[in-house]
Amino acid sequence: MPIAATQASLISDMQDALPKTLDVLHAGMAAGLHIGAQLCVYHEGQIIADYVLGESRPGVLMQHDTLVPWLSAGKPLTAVALAWLWERKLLKLDDAVSRYLPEFAANGKADITLRHCLTHTAGLRMAISAWTRQTFDEAVATVCAAPLEAGPDGTKWIPGQQAGYHVASTWFILGKIIEVISTHPLEKFLAEQIFKPLGMTDVFISCDAERCQALGDRWAIMHDTSSAEPKPMSWTNPDILATPRPASGALGPANQLARFYQQMSEPGLPGTPHTVLNPATRAALTARHRVGMIDATFKCKVDWGLGFICESSHYGQPAVPYQFGTTTDGRGASPRAFGHGGNQSSVGMYDPEHKLAIGLVFNGMPGDARHDKRLRETLKAVYEDVLA
């Protein structure tokens with residue numbers, strides 16, 4: 001399908017708001033990096049762009065309400081749900097995980113806390129695959145039985161003193177703790193206490209065959225675009241998507257990802273949707289709780305809030321992953337920016353200094369290096385368009 005024709009039929013009447021950004025998105029499609037994309041941008045509390053490009057799957061146009069996989073960009077949803085319980089004094093961040101899941105203490109894990117899980121300092125990176133075929137409870141049991149991993153120097157991992165991004169393991173645990181405290185299934189709790197109040201009614205962390213069928217063409221299939229011919233990713237089977245996955249299973253429109261970040265903004269900003277946390281809690285989640293530590297997974301320094309990545313480009317490392325559009329002329333992300341990316345595909349973020357919330361999802365995973373370049377170029381363009 002010609003890109004120009006797709007744009008004419010799909011882009012909103014805000015299409016002139018971010019001209020450089022659209023050029024970058026077009027160029028990525030022309031280069032085969034993605035078969036489609038969604039981008040929503042709030043500035044100073046108002047939506048200034050809500051773009052859809054290309055296809056959700058071959059032959060099906062991307063729409064504003066198409067549900068696209070967010071992958072790890074959905075991790076902060078569970079962090080906010082946990083904070084909802086913390087705000088109501090139903091848990092403490094420095095509680096041991098074993099207080100809620102006694103079986104988790106096995107194999108040297110008794111000292112791991114909720115804070116360690118949220119800051120990726122627990123030492124359980126390889127305990128389970130993000131796309132395990134186990135049920136949610138089976139996955140929790142697997143992580144509970146897993147041993148503490150060795151530290152980067154080969155000695156015992158010391159929770160809180162060493163860091164390494166956890167792709168999935170501790171997020172199953174955090175999700176289960178939410179279930180234990182709330183007495184509701186995780187997905188029901190998220191839907192009722194987080195998504196519904198925020199107007200995010202098209203966001204889910206699982207998609208079984210019945211839901212996929214009901215969504216029809218509104219369900220986007222993520223594609224491997226690392227070779228010439230786009231191919232559906234192997235985990236897009238509903239049998240796998242049916243398991244609630246707080247680390248990787250979120251899917252929804254990019255405009256609802258942007259809405260999630262807009263509600264993390266400062267109080268009183270015009271256009272900000274209903275929020276589910278008070279200002280002090282939101283500030284605590286996005287403050288730097290892990291500072292200056294080498295991440296054993298990413299092999300560089302990345303600062304972390306409670307479930308959120310903090311802008312870390314000040315360390316001068318060109319390979320820092322999941323950053324938010326920093327530019328050499330100072331017109332990029334401020335040091336206060338925070339958010340989270342999804343593997344080779346997506347990012348959600350908020351920049352308090354520039355009052356900028358962004359939800360961006362590419363329907364195409366072209367490999368780490370090409371995605372990193374694509375993401376940096378797109379976010380740089382957003383900042384240049386907005387701050388011009």
Side-chain angles (χ1 to χ4, degrees), residues 72 75-76 78-130 132 134-186 189 243-248 281 284-285 287-298 302-309:
S72 288
K75 280 183 168 74
T78 296
V80 165
L82 203 73
W84 189 96
L85 298 172
W86 174 45
E87 193 172 274
R88 287 157 179 78
K89 304 186 186 306
L90 297 174
L91 59 81
K92 295 180 181 178
L93 295 177
D94 293 312
D95 285 343
V97 170
S98 58
R99 175 175 180 176
Y100 306 99
L101 300 175
E103 61 273 29
F104 181 83
N107 290 314
K109 304 193 300 298
D111 294 334
I112 294 175
T113 67
L114 304 184
R115 189 187 301 272
H116 295 149
C117 294
L118 288 166
T119 57
H120 297 265
T121 59
L124 290 168
R125 292 177 295 156
M126 305 304 168
I128 200 167
S129 164
T132 176
Q134 294 178 307
T135 67
F136 179 77
D137 284 337
E138 288 171 345
V140 170
T142 294
V143 179
C144 284
L148 197 66
E149 70 176 283
D153 59 358
T155 60
K156 182 180 178 181
W157 188 286
I158 304 175
Q161 296 186 27
Q162 292 152 317
Y165 181 66
H166 291 57
V167 175
S169 56
T170 47
W171 294 88
F172 281 115
I173 296 301
L174 293 173
K176 186 61 178 180
I177 288 172
I178 291 170
E179 290 193 343
V180 169
I181 296 174
S182 71
T183 71
H184 291 294
L186 176 60
F189 181 86
T243 296
R245 298 176 194 273
S248 58
T281 304
L285 283 181
R288 295 173 192 264
H289 292 255
R290 184 186 115 187
V291 180
M293 299 177 72
I294 295 288
D295 190 288
T297 303
F298 295 136
V302 187
D303 291 351
W304 229 275
L306 297 174
F308 291 85
I309 300 171

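Within the model, atoms CD1 of I181 and CG of L82 stand 6.5 Å from one another, a figure rounded to the nearest 0.5 Å. Between atom CZ of residue F104 and atom CD1 of residue I173 there is a gap of 5.5 Å, rounded to the nearest 0.5 Å. Atoms CZ and CG, on R99 and L91 in that order, are 8.5 Å from each other to the nearest 0.5 Å. Distance check, rounded to the nearest 0.5 Å: CZ of F172 to CG of L101 gives 13.5 Å. Atom CZ of residue R245 and atom OG of residue S72 lie 12.0 Å apart, to the nearest 0.5 angstrom. Taking CZ of F189 as the start and CD1 of I178 as the end, the distance is 6.5 Å to the nearest 0.5 Å.
At a threshold of 4.5 Å between non-hydrogen side-chain atoms, the residues C117 and V97 count as touching. Looking at heavy atoms from C-beta onward, T142 lies out of side-chain contact with T132 at the 4.5 angstrom threshold. Residues Q134 and T243 fail the side-chain proximity criterion, which asks for heavy atoms closer than 4.5 Å. Residues D94 and L114 have side chains not in contact (no heavy-atom distance under 4.5 Å, counting atoms from C-beta outward). Under the 4.5 Å side-chain criterion, counting only non-hydrogen atoms from C-beta, R290 is in contact with D295. Contact check for I112 versus L148: side-chain heavy atoms found under the 4.5 Å cut-off.
Residues W304 and H120 bring their aromatic ring centres within 6.0 Å.
Checked by atom type, the side-chain pair T121/Q162 shows no donor-acceptor distance below 3.5 Å. A donor-acceptor contact closer than 3.5 angstrom links the side chains of T297 and R125.
Using a 4.0 Å cut-off between charged side-chain N and carboxylate O, K176 and D137 make a salt bridge.
Stacking of R88 on the aromatic ring of W86 is not recorded, the 6.0 Å distance cut-off and the 45° axial limit not both being met.
Side-chain N or O atoms of S98 include none that pairs as donor or acceptor with a backbone N or O of E103 at under 3.5 Å. The backbone N or O of L186 sits less than 3.5 Å from a side-chain atom of E179, completing a donor-acceptor pair. A distance-only check finds a donor-acceptor pair linking the side chain of K75 to the backbone of V167 [under 3.5 Å]. Between the side chain of H289 and the backbone N or O of T119, no donor-acceptor pair lies under 3.5 Å.
Closest of all the heavy-atom pairs between I128 and S169 is CG2-CA, 3.8 Å. Closest approach of F136 and G175 over heavy atoms only: CZ-C, 3.9 Å. In terms of heavy-atom proximity, A122 sits nearest to P159 at O-CG, 4.0 Å. The two residues P147 and L124 have their closest heavy-atom pair at O-CD2, 3.5 Å. G164 and W157 make their closest contact through N-CH2, 3.9 Å (heavy atoms, listed as atom of the first residue, atom of the second, distance). The two residues T281 and E87 have their closest heavy-atom pair at OG1-OE1, 2.6 Å.
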Worksheet entry | Trace of the side chain to side chain donor-acceptor pair (under 3.5 Å) decision for T113 with H116 | CA-CA 5 Å; T113 67; H116 295 149; 3.2 Å; yes
